[in-house]
Engineer: 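Please read through the structure below; I'll follow up with questions.
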Amino acid sequence: MEIKNDKQDLLDRRYMHMAQIWAGNSYCERRKVGALLIKDKMIISDGYNGTPSGFENVCEDEFNKTKAYVLHAEANAITKVARSHNSSDGATLYVTASPCIECAKLIIQAGIVRVVYGELYHMLDGLELLGRAGIDVVFCDKKNLTDENDK
């Protein structure tokens with residue numbers, strides 16, 4: 001059992017590292033967030049925070065406030081998988097920041113059973129809702145993802 005836990009911890013750190021790299025695709029200035037949906041050890045979807053398709057790639061207004069129509073990384077990953085032939089039912093979501101309440105609702109409805117996050121969002125209501133829904137929620141410190149840890 002302990003080997004499996006060590007193996008899962010290693011996978012969690014590697015996927016979180018990949019989500020962190022994916023966050024670099026975001027055009028948002030205030031915070032860049034990345035997400036990966038994993039099922040059967042395969043990436044079935046990915047996402048990062050940003051504006052909807054066809055909109056300008058500017059996430060903040062002139063007062064540096066995030067525009068209301070900016071999508072979160074989780075929402076982008078979930079809607080992207082919805083347009084594919086894959087199913088998120090039973091998947092794990094890796095996201096660099098803990099989900100907000102709106103994304104938590106999408107996660108529940110998408111059948112995602114596990115969420116691994118790398119830092120706390122400023123509100124915890126999303127994590128609380130995921131817990132109420134029985135979704136396994138795991139913290140994986142994204143500051144601790146160097147290659148040395150993988151040895």
Engineer: Taking it one step at a time, do N86 and M42 satisfy side-chain contact (heavy atoms from CB on, under 4.5 Å)?
Structural biologist: CA-CA 11 Å; N86 287 315; M42 293 185 298; over 6 Å; no
Engineer: Keeping the roles fixed (side chain from K32, backbone from C28), state whether a donor-acceptor pair exists under 3.5 Å.
Structural biologist: yes
Engineer: Once rounded to the nearest 0.5 Å, what's the spacing between atom CG of D141 and atom OH of Y117?
Structural biologist: 10.0 Å
Engineer: Applying a strict under-4.5 Å side-chain criterion to I, L, V, M, F, W and Y, I'd like to know whether I112 and F139 cluster together.
Structural biologist: yes
Engineer: Check the pair V138 / R114 against side-chain contact (heavy atoms from CB on, under 4.5 Å), numbers first and verdict last.
Structural biologist: CA-CA 8 Å; V138 177; R114 188 167 182 265; 3.8 Å; yes
Engineer: Between S88 (side chain) and G111 (backbone), is there a donor-acceptor pair under 3.5 Å?
Structural biologist: no
Engineer: Would you tabulate the side-chain donor-acceptor contacts of residues 121-129 under 3.5 Å, counting partners in other chains and residues two or more places apart, or write 'none'?
Structural biologist:
none

Engineer: Return yes if some donor-acceptor pair links the side-chain N/O of N76 with the main-chain N/O of Y48 below 3.5 Å, else return no.
Structural biologist: yes
Engineer: Let's go through R13 and C140 carefully: what are the C-alpha distance in whole Å and the side-chain angles of both, what is the deciding distance for side-chain contact (heavy atoms from CB on, under 4.5 Å) to 0.1 Å, and is it a yes or a no?
Structural biologist: CA-CA 7 Å; R13 286 188 280 118; C140 178; 3.7 Å; yes
Engineer: Taking K39 for the side chain and D89 for the main chain, is one N or O donor matched with an acceptor at less than 3.5 Å?
Structural biologist: yes
Engineer: Work out which heavy atom in A104 is nearest to a heavy atom in P99; give both atom names and the distance.
Structural biologist: N-CB, 4.3 Å
Engineer: To check you understand the geometry: which heavy-atom pair defines the closest contact between A91 and L37, and what is its length?
Structural biologist: CB-CD2, 3.8 Å
Engineer: Mind checking whether L130 and V113 sit in one hydrophobic cluster, side chains of I, L, V, M, F, W, Y counted as touching below 4.5 Å?
Structural biologist: no
Engineer: Can you tell if the side chain of D136 reaches within under 4.5 Å of the side chain of V115, non-hydrogen atoms only?
Structural biologist: no
Engineer: Would a 4.5 Å heavy-atom cut-off, applied to side chains only, mark M16 and L36 as touching?
Structural biologist: no
Engineer: Taking V95 as the starting point, is it possible to reach I43 by hopping between hydrophobic residues whose side chains are less than 4.5 Å apart?
Structural biologist: no
Engineer: If you measure from CD1 on I44 to OG1 on T92, what distance do you get to the nearest 0.5 Å?
Structural biologist: 9.5 Å
Engineer: The criterion is salt bridge (charged side-chain N to carboxylate O under 4.0 Å, His left out); which residues satisfy it with R30, sequence neighbours excluded?
Structural biologist: none
Engineer: Scan side-chain atoms only and decide if D12 and Y94 contain a donor-acceptor pair under the 3.5 Å cut-off.
Structural biologist: yes
Engineer: Using a 6.0 Å cut-off, check whether atom OH of Y27 has over 12 heavy atoms from anything other than its own residue.
Structural biologist: no
Engineer: Given the rule in the side-chain contact (heavy atoms from CB on, under 4.5 Å) test, do E74 and L93 qualify, once you have shown the distances and angles that lead to the verdict?
Structural biologist: CA-CA 8 Å; E74 308 93 301; L93 176 71; 3.8 Å; yes
Engineer: Say whether, by atom type as modelled, one donor and one acceptor occur between the side chain of S26 and the main chain of V33 under 3.5 angstrom.
Structural biologist: no
Engineer: So, does N49 use its side chain to make a donor-acceptor pair with the main chain of R31 at under 3.5 Å?
Structural biologist: yes
Engineer: Decide yes or no for I78 and I107: does some side-chain heavy atom of the first lie under 4.5 Å from some side-chain heavy atom of the second?
Structural biologist: yes
Engineer: Answer with yes or no whether the hydrophobic clustering places V116 together with V137; edges join I, L, V, M, F, W, Y residues whose side-chain heavy atoms lie under 4.5 Å apart.
Structural biologist: no
Engineer: Could you tabulate the donor-acceptor pairs under 3.5 Å formed by side-chain atoms of residues 52-59, not counting sequence neighbours?
Structural biologist:
{"unit_1": "E56", "atom_1": "OE2", "unit_2": "K67", "atom_2": "NZ", "d": "3.1"}
{"unit_1": "E56", "atom_1": "OE2", "unit_2": "Y69", "atom_2": "OH", "d": "2.6"}

Engineer: Counting N and O atoms only, with roles assigned by atom type, does the side chain of E60 sit under 3.5 Å from a partner on the main chain of E29, one being a donor and the other an acceptor?
Structural biologist: yes
Engineer: Quick check: does any side chain N or O of S45 sit under 3.5 Å from a backbone N or O of A77, one acting as donor and the other as acceptor?
Structural biologist: yes
